[in-house]
Amino acid sequence: MPNCESEAPSPPPKAKKEPKPRKTKPITDDAIDSNVRIIPEPVKGPPVDLDRLKAYVRHKNRRRQSQSAQLPVPPPVIEQPEPNMEIKRIVEAILFAASRPMTAKQVQQVFPEIEQPELAEIQSAIDAIVEEYRSRPVELKKVASGYRFQVKQELSRWVSRLFEEKPPKYSRALLETLAIIAYRQPVTRGDIEDIRGVSVSSSIMQTLIEREWVRVVAHKEAPGRPAIYGTTKQFLDYFNIASLDELPTLQEIQNLDLSVDNGQQPMQVKSEKQETREELAETAEQ
């Protein structure tokens, strides 16, 4: 017989209750186990655009590199070797007794061959002597021919009173000729005459050559092969400079001339013939 009992409907499922959040105690640093991996909680918000993030990082890196490149790089500190005190004493004595300026190579050659120090040691000793005499009335000065001891320039007028002989006087024509050679070299005698506007006396050129201030450096490829003149190291030594770059500029000389003209009475200009006669007289006396 068929089962006439009807199946009873099943009751609806009960809704699950959400669990209450448990109160947790704050975790201290001592309670964290270093072996346990901590997973950070997800951050709520829109998703991050990785392409824009990478572009921003690249931009910051480029900006940081450009800023670091603009910073001035300090020059490397080069430690100067300490000079050998015995070598320094010998070098100082050699330069003090020398009657002419001497280079480091010339000082090295004074030593016996088996006792010659290195050239760097000689130069180190010279640099130490220069610094040592910087605050003294005597200085070790570098000129074109080398190093020499001399009285400092600001004290020269006092020391000059020890010598009875007067310093040589040079004519205006000679000084003008020497200045043209110094600033326009190499020049020929014709170039000097074109600049001065008058002929150059042979005695003037002879005096400059005898004093070893001027020398013939070459001959021009022209009819007569005129001599080409230039200054010498003795010229630089006499005027206490190491190179032609230390000569005053023409603008500085012009400003000096203007100040002299404004502060002093105009001087009488001698004629070319009178200056030539005086120059010949000075040469004959010497």
Side-chain angles (χ1 to χ4, degrees), residues 95 98-110 119 123 126 141-148 150 153 165-257 260 267 269-286:
L95 292 174
S99 59
R100 69 184 191 281
M102 298 185 68
T103 62
K105 184 66 176 178
Q106 292 171 339
V107 173
Q108 184 189 37
Q109 293 174 353
V110 177
L119 194 61
Q123 188 62 51
I126 292 175
K141 175 74 174 180
K142 182 181 180 182
V143 291
S145 300
Y147 294 87
R148 69 182 178 191
Q150 62 183 33
Q153 188 173 0
E165 60 179 277
K166 296 181 180 180
K169 295 181 180 179
Y170 302 107
S171 65
R172 183 189 181 100
L174 184 142
L175 294 178
E176 286 180 356
T177 302
L178 180 60
I180 292 172
I181 296 174
Y183 282 94
R184 297 294 184 92
Q185 61 182 311
V187 293
T188 63
R189 185 171 171 177
D191 298 333
I192 301 172
E193 293 175 347
D194 291 340
I195 295 173
R196 293 194 63 221
V198 294
S199 61
V200 178
S201 172
S202 300
S203 62
I204 291 178
M205 302 304 301
Q206 186 65 25
T207 301
L208 294 175
I209 293 175
E210 288 177 355
R211 295 188 184 277
E212 297 183 347
W213 290 352
V214 171
R215 66 186 181 93
V216 178
V217 296
H219 287 82
K220 189 174 182 180
E221 295 296 335
R225 293 179 58 80
I228 300 175
Y229 298 97
T231 55
T232 63
K233 287 186 177 181
Q234 287 78 3
F235 162 78
L236 300 175
D237 295 344
Y238 183 85
F239 290 97
N240 201 29
I241 55 179
S243 66
L244 293 172
D245 296 335
E246 298 182 18
L247 288 173
T249 62
L250 297 178
Q251 183 63 37
E252 292 173 349
I253 296 175
Q254 185 178 4
N255 295 338
L256 178 62
D257 291 340
V260 171
M267 300 177 63
V269 180
K270 300 179 181 179
S271 64
E272 182 71 21
K273 293 182 179 180
Q274 184 178 355
E275 291 179 351
T276 304
R277 287 197 300 268
E278 292 181 359
E279 187 67 32
L280 289 173
E282 292 177 5
T283 306
E285 291 177 359
Q286 297 172 3

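Along the sequence shown, the residues carry numbers beginning at 1. Scope of the values below: all heavy atoms of this structure, side chains included, with no hydrogens, waters or symmetry mates. Remember, predicted model here, so these are calculated numbers, not experimental data.
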Hey, can you pull the donor-acceptor pairs under 3.5 Å for the side chains in residues 185-192, sequence neighbours left out?
| from | atom 1 | to | atom 2 | distance (Å) |
| --- | --- | --- | --- | --- |
| Q185 | OE1 | T231 | N | 2.9 |
| Q185 | OE1 | T231 | OG1 | 3.3 |
| Q185 | NE2 | A182 | O | 3.2 |
| Q185 | NE2 | T231 | OG1 | 2.9 |
| T188 | OG1 | D191 | N | 3.2 |
| T188 | OG1 | D191 | OD2 | 3.1 |
| R189 | NE | V200 | O | 3.3 |
| R189 | NH1 | S202 | OG | 3.4 |
| R189 | NH2 | V200 | O | 2.4 |
| R189 | NH2 | S202 | OG | 3.2 |
| D191 | OD2 | T188 | N | 3.1 |

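- Heavy atoms only, all atoms of each residue included: P226 and P223 are closest at CD-O, 4.0 Å.
- To the nearest 0.5 angstrom, L95 atom CG is 15.0 Å from K141 atom NZ.
- Here the straight-line distance linking atom CG of L178 with atom CD of E176 works out to 11.0 Å at 0.5 Å rounding.
- Between the CZ atom in R211 and the CD1 atom in I209 there is a gap of 13.0 Å [rounded to 0.5 Å].
- Taking the six-membered ring where tryptophan is involved, the planes of Y170 and Y238 are perpendicular, since the angle between them exceeds 60° and thus also 30°.
- Between L236 and A242, the shortest heavy-atom contact is CD1-O, 3.9 Å.
- The distance from the OG1 atom of T232 to the CD1 atom of I181 is 10.5 Å, given to the nearest 0.5 Å.
- In this structure the side chain of V110 never reaches within 4.5 angstrom of the side chain of Q106, judged on heavy atoms.
- Not counting sequence neighbours, R100 has no partner by the salt bridge (charged side-chain N to carboxylate O under 4.0 Å, His left out) test.
- In this structure the side chain of N240 never reaches within 4.5 angstrom of the side chain of E246, judged on heavy atoms.
- Y183 meets the ring pair (Phe, Tyr, Trp, His ring centres under 6.0 Å) test with no other residue; sequence neighbours excluded.
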Let's go through M205 and Y229 carefully: what are the C-alpha distance in whole Å and the side-chain angles of both, what is the deciding distance for side chain to side chain contact (heavy atoms under 4.5 Å, CB included) to 0.1 Å, and is it a yes or a no?
CA-CA 10 Å; M205 302 304 301; Y229 298 97; 3.7 Å; yes
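- A pairwise comparison of heavy atoms in Q108 and L119 identifies NE2-N, 3.5 Å as the closest pair.
- At distances below 3.5 Å, not a single donor-acceptor pair connects side-chain atoms of D237 with backbone N or O atoms of P101.
- Between S145 and K233, the closest heavy-atom pair is OG-CB, 3.6 Å.
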